[in-house]
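Worksheet: one structure, shown below.
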Amino acid sequence: MSEQPAPARKTRVALLFGGRSGEHAISAATAAGVLRAIDRTRYDVVPVGITRDGRWVVAADEPERWEITRGAALPEVAADDGAEVILSLTAGEHTLRTLEPGQVPSVLGEVDVVFPLLHGPFGEDGTLQGLLELADVHYVGAGVLASAVGMDKHFMKLVLEGQGLPVGPYTVIQSRDWEHRRAEATAAVARLGMPVYVKPARAGSSLGISRVEDIADLPAAIVEAQRHDPKVIVEQGIEGREIECAVLGGRGGGPARASLPGEIVVNHDAHAFYDFEAKYLDEAAVELRCPADLPDKVVAQVRSIAVRTFDAVGAEGLSRVDVFVTPDESVIVNEINTMPGFTPYSMYPAMWAATGIAYPDLVDELIQLALERPTGLR
Ligand SMILES: Nc1ncnc2c1ncn2[C@@H]1O[C@H](COP(=O)(O)OP(=O)(O)O)[C@@H](O)[C@H]1O
Ligand SMILES: [Mg+2]
């Protein structure tokens, strides 16, 4: 059951980062930011790194170790970073234990809240959230279903469409379609018109995404997307500004809160779209404008659509809702990210900073939201 932390000691927060997805290094960079900012007078921090093959290990409480530095190798959690860690799945125990070869497991500590700083599959997609539900532990962010829906761009669109939210035209290509019904799949893509965006249904950080301007380039784009996910979604290219909005769950049963929107401005001479390079490696090619320069009416519409999108998928805690604002000022939802980039330089914290919540306070708010909500069905 959901016990409040004993007042005798500080609230203990396990930071989970790294992980099995292509966004391992980004997650480590987020951990660096949170390790620096979290209020140590209120919280005991237990950093737990997850290796690329899924092993949990005690990780260094050293922000420098986890940062992304230009010219240096990307940060990576290694099996020999520390002792292996396991989370007790016995409901009510909330305990992390360490396992050393040939030794009896020892208790690392009772955990009051888990902060999964993980992006992509096996972290942001409901799988980890399922484990945390089984362990009956409080955790930051969306639950199982919302995480899964937010991760899968196909089901995300179905859920949003079903609740009247604006999404663009698309078609889904399963690997069996591509193998056995390629002509039909290609015709469905051609009907969308060019350009299209070919994406792994479940990835992130623009990994595996191609912009295709000539249908002859579709097969190569499908192969690239399938490297990340056998399920591929192809979307009509939308002409519009890339606007993002940060959403925070409501406190005490109140409605979710939306930040002022921000804008991503990509130098299109350098990058055809907001691809992985532009996101993480070529800062000069991208400008994050925060708040975005938009008419009040559009700002209000973006904020309202962001909260409706958050509620439509049943998100909790935090999400970033990304939209396109077209030249005629209509708003189309691109996606919801239930664990958005969260380094101190990321758009999500920047939008809250512009709206009046500084990064350390945001970390605090997210932990408090997690402690406030009950574990189990809710
Ligand atoms: N339908 C689309 N129309 C125009 N640009 C798109 C479209 N889909 C994606 N993009 C471009 O590709 C980028 C990454 O796509 P997105 O769906 O956000 O994937 P990810 O989940 O990896 O962030 C977007 O930020 C945008 O620049
Ligand atoms: Mg995106």
Side-chain angles (χ1 to χ4, degrees), residues 21-27 118-121 123-125 147-157 160-161 165-172 189 191-213 218 221 224-225 227-229 231-247 261-282 285-289 292 306 309 313 319-327 330-342 346-348 351:
S21 86
E23 294 172 277
H24 183 101
I26 316 306
S27 166
L118 296 160
H119 310 294
E124 187 181 355
D125 63 348
S147 299
V149 169
M151 189 80 252
D152 186 314
K153 294 186 197 302
H154 173 208
F155 283 98
M156 183 198 304
K157 281 193 160 62
L160 297 183
E161 280 175 314
L165 283 150
V167 298
Y170 66 95
T171 185
V172 173
V189 172
R191 278 196 294 278
L192 294 172
M194 295 291 126
V196 290
Y197 284 79
V198 180
K199 312 178 177 183
R202 295 158 291 192
S205 286
S206 298
L207 293 165
I209 299 185
S210 311
R211 175 185 158 99
V212 169
E213 302 188 6
L218 181 66
E224 173 58 20
R227 288 178 53 219
H228 299 268
D229 190 342
K231 179 170 159 185
V232 173
I233 184 166
V234 182
E235 298 179 8
Q236 186 178 88
I238 309 276
E239 190 201 335
R241 291 165 66 183
E242 289 199 59
I243 303 295
E244 304 190 339
C245 187
V247 182
E263 178 168 14
I264 309 285
V265 184
V266 178
N267 173 354
H268 287 290
D269 295 334
H271 302 273
F273 64 98
Y274 194 30
D275 59 12
F276 184 88
E277 287 270 318
K279 280 182 180 174
Y280 304 112
L281 303 169
D282 189 4
V286 181
E287 196 192 328
L288 305 188
R289 289 191 194 152
T309 299
V313 306
S319 287
R320 200 189 68 227
V321 176
D322 300 348
V323 304
F324 298 109
V325 175
T326 64
S330 49
V331 177
I332 296 173
V333 179
N334 177 31
E335 61 165 341
I336 180 168
N337 290 286
T338 54
M339 190 49 74
F342 197 77
S346 301
M347 196 57 143
Y348 183 89
M351 288 188 281

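Computed from heavy atoms alone, side chains included, the values below leave out hydrogens, waters and symmetry copies. Numbers here simply count residues along the sequence, with the first being 1. For ligands, and for the atoms within them, numbers begin at 1 and follow the listed sequence.
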For a 4.5 angstrom cut-off between non-hydrogen side-chain atoms, does [X] reach [Y]?
X: Q236; Y: Y170; value: no
X: D125; Y: R202; value: no
X: D275; Y: I209; value: no

The Mg ion (ligand 2) contact by D322, N, O or S atom under 2.8 Å
no
Run K157 and E235 through salt bridge (Lys or Arg N to Asp or Glu O under 4.0 Å) and show every step you take.
CA-CA 11 Å; K157 281 193 160 62; E235 298 179 8; 2.7 Å; yes
Would you name the N/O/S atom of E335 that lies closest to the Mg ion (ligand 2)?
OE2
Neighbouring residues of ligand 1, heavy-atom cut-off under 4.0 Å:
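The answer is K153, Y197, K199, G204, S205, S206, I209, E235, Q236, G237, I238, E242, F273, Y274, K279, F324, N334, E335, counting any residue whose heavy atom sits under 4.0 Å from ligand 1.
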If you look at every heavy atom in P166 and V331, which pair is closest and at what distance?
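Heavy atoms of P166 and V331 come nearest at CG-O, 3.1 Å.
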At what distance, to the nearest 0.5 angstrom, does NZ of K279 lie from CD1 of I26?
9.5 Å
Going by the angle between their ring planes, with limits at 30° and 60°, are Y348 and F342 parallel, tilted or perpendicular?
tilted
